[in-house]
There are 2 protein chains.
Amino acid sequence: MRSEDIAKLAGVSRSTVSRVINNYANVPEKTRAKVMKVIEENHYEPNTSARVLAGKGMNTIGLFVVSTAELHNPNRIYQNSYFAPFVETIVDTLNRLGYYVLIHTVYSEDDFLKVKQAFLQKRIDGGIIVGTEKNDGMVRAIAKLKLPFVLIDYDIAELLEHRLDKEYAAVVNSKDYEGAAMAVRYLIEHGHERIGFVSGRLNTLSGRERRQAFVDTMQEHGLKVPEEWVVNGLFIRQKAYEEVKRMLENNRPTAIFAANDEMALGAMDACRELGLRIPGDISIIGFDDIPIASQLSPALTTVRLPIYEMSQAAAQHVVEMCEQGSGSFSTMSFPTRLMVRETCKSLKLNE
Amino acid sequence: MRSEDIAKLAGVSRSTVSRVINNYANVPEKTRAKVMKVIEENHYEPNTSARVLAGKGMNTIGLFVVSTAELHNPNRIYQNSYFAPFVETIVDTLNRLGYYVLIHTVYSEDDFLKVKQAFLQKRIDGGIIVGTEKNDGMVRAIAKLKLPFVLIDYDIAELLEHRLDKEYAAVVNSKDYEGAAMAVRYLIEHGHERIGFVSGRLNTLSGRERRQAFVDTMQEHGLKVPEEWVVNGLFIRQKAYEEVKRMLENNRPTAIFAANDEMALGAMDACRELGLRIPGDISIIGFDDIPIASQLSPALTTVRLPIYEMSQAAAQHVVEMCEQGSGSFSTMSFPTRLMVRETCKSLKLNE
DNA sequence: CTGAAAGCGCTAACAG
DNA sequence: CTGTTAGCGCTTTCAG
């Protein structure tokens with residue numbers, strides 16, 4: 001069924017059908033009603049490709065979930081517990097705004113081509129890129145396209161450094177530095193002075209920020225950190241487990257700050273295996289507040305990422321850029337929140 | 001940049017450009033190379049809408065995640081731990097087959113319109129519908145469209161009953177009856193005779209199958225089940241918690257079979273609150289094997305859903321239907337697996 | 001207020 | 001082997 005068929009049945013021209021479909025003002029109520037009736041009776045829906053070709057928008061946003069490190073990881077992206085909530089909120093928000101979402105995962109360099117293609121082939125009006133380890137070259141290539149897109153969790157410095165066109169790029173971040181500093185201060189305030197750190201991948205903005213916050217905050221408080229108390233868990237539970245086991249071999253800290261919850265779980269695995277009670281013998285604090293964190297026993301003390309706010313902001317922003325046709329370079333940063341639960345013990349006597 | 005621009009630059013006609021893009025045989029290697037060079041130099045990608053309008057496929061599959069019950073649930077679809085793995089695998093598989101995925105969540109009756117529209121507007125070549133509580137009317141409406149689509153976890157009887165056109169519908173299920181029977185037999189074989197059941201929503205295929213398997217298996221073994229030992233938890237943790245607390249008030253079973261893991265968690269909450277040790281005082285067995293199940297302590301004994309196999313089969317099948325142009329009515333059913341962990345105790349003396 | 005006609009970018013017969 | 005031509009289904013001037 002095409003618009004011409006509707007036109008015939010309603011006794012008008014295709015132009016008029018188009019006018020009522022697109023809600024133009026200059027159609028008398030009577031004509032509009034007549035046409036609408038035929039449209040509904042025949043379950044007519046205009047062909048998207050034809051509309052797009054004739055100048056309308058696709059009404060679709062691309063959502064690219066990138067995780068180059070996970071290519072050979074059996075627990076891929078969504079199970080990764082970090083991504084699922086982002087995907088959920090973004091899809092939901094976009095759907096509610098009347099947009100379809102084209103989702104694509106990016107594990108390899110090759111997959112990155114797909115995101116560029118999605119733009120170039122005009123499959124999408126705009127895009128959102130979420131995930132760690134963005135490929136700078138590709139991000140720049142996309143920015144050159146001058147199409148609306150927003151990056152979640154991206155180092156703004158990178159963007160500015162490469163003089164990206166500021167018209168069509170937006171970045172949404174969380175205040176990871178602030179959150180990590182908060183976590184470390186929390187431990188210090190409760191009497192911990194011997195604190196170990198399990199770092200995440202440093203080719204990630206959040207990986208770097210969280211680590212820097214740890215280093216700075218310890219230094220600010222005049223606390224020394226022996227080299228063997230800073231290990232790299234790559235954001236992976238198993239790796240953290242191995243590293244922490246080594247960390248705890250001799251000279252042992254009283255608390256461990258893991259740069260994400262997955263690694264906090266790995267640290268807990270290691271502690272348990274060594275017969276250390278949590279938080280009795282050692283305190284653990286994580287970052288992200290993944291769903292499982294609150295369900296553990298003991299429940300994990302951690303820093304909550306403002307995933308909902310970030311996703312919503314990203315979704316609303318692409319849509320705005322698409323509809324106004326003009327984007328503006330913008331940055332949004334949402335605060336984290338300390339979730340005090342059961343894995344940290346105070347070393348202060350009066351508590 | 002349009003195909004005509006490429007044609008000019010390469011000194012050929014648009015037809016020839018089209019021929020190399022679509023990999024037609026009758027283009028001499030030399031011409032092909034010349035055209036390809038220009039295409040690459042200019043990062044040209046053909047406009048999808050134009051190709052579709054001219055008769056090519058969209059190369060996009062719609063993925064509709066429906067959960068009508070979750071509309072007002074703060075933990076929506078993906079967090080629901082049941083959906084995330086499906087979405088992940090389907091998107092991954094489809095992407096690898098060279099398809100884009102249009103994702104849409106369906107919480108309400110209205111959202112269902114969107115899936116029909118996606119088909120009618122020719123945004124997608126085919127679709128996959130995953131999730132509980134499909135709206136029969138809508139499913140039938142979609143089947144009438146005669147476009148390739150596959151349903152995951154759907155009652156085939158419903159389809160047949162309504163004489164759906166068999167050309168373009170496929171169903172992928174898990175053997176829930178078999179799995180649930182296995183769980184119950186496992187308990188019985190370990191000496192349990194007093195078994196309670198927490199049912200899921202019965203407007204769901206899996207809800208019905210799991211319940212029926214419980215009832216049948218108990219009966220086959222000549223085991224009586226008092227009415228108050230069969231409660232309905234609606235697949236929701238909190239609801240299960242409440243119902244189980246009531247169930248355990250007086251005459252208490254030695255084991256509880258919950259129709260999904262979320263409810264098994266709720267049952268565990270209730271047991272703990274009543275001071276019952278698991279599995280010391282009461283055994284618990286779930287269904288689904290959600291990621292958290294193995295990470296709990298004690299780790300939850302449960303039945304693993306063949307999510308990966310189901311998702312892969314669904315993805316591959318839509319693509320086949322799209323590419324062959326003709327679908328065939330088909331049904332696939334994948335077996336479940338018992339995951340023996342720590343929440344069940346044997347009542348047999350010699351163990 | 002409404003119809004006729006041009007055109008969006010591509011593919012596919014049809015000639016040559 | 002390659003160019004010319006006619007649409008695909010819609011929106012949008014431009015007349016009337």
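In what follows, every heavy atom counts, from backbone to side chain, and hydrogens, waters and symmetry copies are set aside.
- Nearer to the 5' terminus of DNA chain C, by closest-nucleotide assignment, is the contact made by A:Ala25 (compared with the other of B:Asn47 and A:Ala25).
- Side chain of B:Thr16 to backbone of B:Val12: no donor-acceptor contact under 3.5 angstrom is found.
- From B:Phe149, atom CZ reaches atom CD1 of B:Ile129 across 5.5 Å, with rounding to the nearest 0.5 Å.
- Ring geometry for B:His104 against B:Phe64 counts as tilted: the plane angle lies between 30° and 60°, on a 0 to 90° scale.
- Picking from C:dG3, D:dT2, C:dT11 the nucleotide with the shortest atom distance to the side chain of B:Val27 gives D:dT2.
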N/O to N/O distances under 3.5 Å, protein versus nucleotides 6-8 of chain C:
unit_1: C:dA6; atom_1: N6; unit_2: A:Arg14; atom_2: NH2; d: 3.4
unit_1: C:dC8; atom_1: O2; unit_2: A:Leu53; atom_2: O; d: 3.0
unit_1: C:dC8; atom_1: O2; unit_2: A:Ala54; atom_2: N; d: 3.4

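- As judged by a 4.0 angstrom heavy-atom cut-off over every strand, A:Asn26 is placed among the base-contacting residues.
- Dashed line: the shortest gap from a side-chain N or O of B:Ser18 to OP1 or OP2 of C:dA12 is not under 4.0 Å.
- One can place CE of B:Met58 at 14 Å from P of C:dT11, the figure rounded to the nearest angstrom.
- Following rounding to the nearest Å, B:Glu4 (CD) and D:dT4 (P) show an atom-to-atom distance of 11 Å.
- Atom CZ in A:Arg32 sits about 11 Å away from atom P in C:dC1, given to the nearest Å.
- Rounded to whole Å, the distance from CD1 on B:Ile21 to P on C:dC10 is 7 Å.
- In the set C:dT2, D:dC10, C:dA12, C:dT2 carries the atom at the smallest distance from any side-chain atom of A:Thr31.
- Each of B:Ser49 and B:Ser15 lies near DNA chain C, and the nucleotide nearest B:Ser49 is the one positioned closer to the 5' end.
- Between A:Asp92 and B:Tyr107, the side chains place a donor N or O and an acceptor N or O closer than 3.5 Å (distance only, hydrogens not considered).
- With rounding to whole Å, B:Arg19 atom CZ is found 12 Å from C:dA13 atom P.
- Donor-acceptor pairing under 3.5 Å is recorded for the side chains of B:Thr60 and A:Arg123.
- Within 4.0 Å (heavy atoms only), B:Val12 reaches sugar-phosphate atoms of the nucleic acid but no base atom.
- Within the structure, a side-chain polar atom (N or O) of A:Tyr24 is placed less than 4.0 Å from OP1 or OP2 of D:dT12.
- Going from atom NZ of A:Lys30 over to atom P of C:dC1 covers 13 Å, rounded to whole Å.
- Taking atom CG of B:Asn23 as the reference point, atom C1' of D:dC1 lies 16 Å away to the nearest angstrom.
- Using a 4.0 Å cut-off, no side-chain N or O of A:Thr16 falls inside it from OP1 or OP2 of C:dC1.
- For B:Tyr44 and C:dC10, the shortest distance from a side-chain N or O to OP1 or OP2 is below 4.0 Å.
- At distances below 3.5 Å, not a single donor-acceptor pair connects side-chain atoms of B:Asn42 with backbone N or O atoms of B:Tyr44.
- In this structure, A:Lys8 atom NZ and C:dT2 atom P are separated by 19 Å, rounded to whole Å.
- B:Arg51 and B:Asn22 share a side-chain donor-acceptor pair at under 3.5 Å.
- Minimum atom distance to the side chain of A:Lys56 is reached by D:dT11, of the listed D:dT2, D:dG9, D:dT11.
- Look at B:Asp5 and B:Lys8 and you find no salt bridge, because none of the NZ, NE, NH1 or NH2 atoms lies under 4.0 Å from a carboxylate O.
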